[in-house]
Amino acid sequence: TDPGRFTPADAARAMPLAQQVAVAGKKAQMTEHLAELVEEQTAQLKREQERLRLIHEFGQATAGILDETTLLVTATQEICEAFGYSSLWVGLIKGQELVIAAGAGECPPELILGRLPIGPESLPGRAAAGGGPLLAAAPAEAGGAYSGELSSAPPEMAVPLVIQEKVVGVLDAQGDRPGAFDEEDVATLQTLAGHLSTALHNARLFEQLARGKREWETTFDAIAEGVALLDRGFTIVRANWALARLLDATPQTLAGQDAHGAVCGCAAADCAIRAAHGSDGVENLEINLAARGRSFRASFYPITGVRGD
């Protein structure tokens, strides 16, 4: 309180102490800021680990599903539950429309099998048209792949499903509050869409193979003559119904049996079928079924594999 109490010499002596206090305060602020950064980075790392775990679990849950309908229903349910979307649906391109194949969350049941035009009328319609990943109700500064739209509607993301560089559908998610989605959410949905596209491709390939198998089996069983496929050890791999009726059996009971006994009723060493083994062309043989009191002519066609055996 006394203006003349401290002299310039006193101030000079106090200055180093003041400087030390200021440095200590600055260090404390830096330490506090560093602790906040570490805490923030740790939380971000935990979120990323959780995101990757959920994506991995989704891939495992859908990888072995080879029925397309089951795959899409399971996928929408798994994604919606794991990532907390208010609703999620997947649509497949049919002609010039997007047909909604499966949905989860608050997706209304009447939406399933609904149709959306492909084009600018809707966010998923634009994604299906090749617009890439789109985000509605995004921050105004969002650019690049995002629409940058501001809307009072629920936030929505739409990501195309791509198989062999062709858009085959759209994965669409909606949030429950404004600003629910950001760039990281779009990247996550893109990754999930990639897994789903691969699983969908596998399911479609399997269906093509299964359809081809069914068509082959139908043709095989429709042949009027008895036909059997034998492996190199003369075991019946498959027989058609015509042959099964000749032998008073069924195709199922003939499969896996030794052809010598099942067809000719004789030992392998004495069987006429063995004579056809090793032939490079068609062999026509007379087979006598003494036990059945009948005989018939048989033709043998060698089937050569890719290695020539």
Side-chain angles (χ1 to χ4, degrees), residues 47-48 50-55 57-59 61-62 68-94 96-162 167-197 199-200:
R47 289 195 300 270
E48 179 64 14
E50 178 66 7
R51 184 180 77 91
L52 293 176
R53 183 186 68 81
L54 293 173
I55 291 174
E57 289 181 354
F58 169 75
T62 56
E68 182 172 316
T69 301
T70 304
L71 169 66
L72 297 178
V73 170
T74 302
T76 53
Q77 291 175 346
E78 290 279 342
I79 294 174
C80 195
E81 181 178 346
F83 293 91
Y85 301 138
S86 63
S87 71
L88 182 104
W89 57 262
V90 59
L92 301 177
I93 293 178
K94 305 289 184 183
Q96 296 301 313
E97 293 181 313
L98 194 62
V99 180
I100 300 173
E106 298 176 7
C107 178
E110 60 270 19
L111 188 64
I112 307 304
L113 298 183
R115 296 173 180 267
L116 291 174
I118 296 175
E121 291 83 0
S122 66
L123 195 77
R126 294 203 297 275
L134 297 172
L135 174 64
E141 66 269 21
Y146 309 111
S147 66
E149 296 177 354
L150 289 173
S151 170
S152 59
E156 180 180 16
M157 299 183 290
V159 176
L161 300 177
V162 181
V167 177
V168 299
V170 169
L171 190 60
D172 184 275
Q174 291 190 355
D176 57 358
R177 66 186 187 283
F181 299 141
D182 57 19
E183 182 178 351
E184 183 177 312
D185 294 305
V186 176
T188 298
L189 196 64
Q190 277 188 282
T191 303
L192 293 167
H195 282 290
L196 181 55
S197 296
L200 181 60

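Since this is a predicted model, take the numbers as computed values, not measurements. Position 1 is the first residue of the sequence, and the numbers go up from there.
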For L92 and E68, run side-chain contact (heavy atoms from CB on, under 4.5 Å): C-alpha distance rounded to whole Å, both residues' side-chain angles, the deciding distance at 0.1 Å, then the answer. CA-CA 11 Å; L92 301 177; E68 182 172 316; 3.2 Å; yes
For [X] and [Y], which heavy atoms make the closest approach, and how far apart are they?
X: S122; Y: G125; answer: OG-N, 3.0 Å
X: C107; Y: S87; answer: N-CB, 3.5 Å
X: I93; Y: A128; answer: CD1-O, 3.9 Å
X: G175; Y: A180; answer: CA-CB, 4.3 Å
X: A158; Y: V170; answer: CB-CG1, 4.1 Å
X: P133; Y: P160; answer: N-CD, 3.9 Å

Give a yes or no on whether the ring-centroid distance for F58 and F83 is below 6.0 angstrom. no
Side-chain donor or acceptor of S86 paired with backbone N/O of Q174 under 3.5 Å: yes
To the nearest 0.5 Å, how far apart are [atom1] in [X] and [atom2] in [Y]?
X: L171; Y: T76; atom1: CG; atom2: OG1; value: 8.5 Å
X: Q96; Y: R115; atom1: CD; atom2: CZ; value: 12.0 Å
X: L54; Y: E81; atom1: CG; atom2: CD; value: 10.0 Å
X: Y85; Y: E106; atom1: OH; atom2: CD; value: 14.5 Å
X: L72; Y: L196; atom1: CG; atom2: CG; value: 6.0 Å
X: D172; Y: E156; atom1: CG; atom2: CD; value: 4.0 Å

Have a look at I79 and tell me which of L88, T74, I55 forms a side-chain contact (heavy atoms from CB on, under 4.5 Å) with it. L88
Can you tell which of V99, L200, L161 makes a side-chain contact (heavy atoms from CB on, under 4.5 Å) with V90? L161
Does the side chain of P124 reach to within under 4.5 Å of the side chain of L116, using non-hydrogen atoms? yes
Run the numbers on F181 and V186 for side-chain contact (heavy atoms from CB on, under 4.5 Å), then give the verdict. CA-CA 7 Å; F181 299 141; V186 176; 5.5 Å; no
Is there a side-chain contact (heavy atoms from CB on, under 4.5 Å) between I112 and I100 once you walk through the steps? CA-CA 5 Å; I112 307 304; I100 300 173; 4.2 Å; yes
Just wondering, more than 12 heavy atoms not from E57 lying within 6.0 Å of its CD? yes
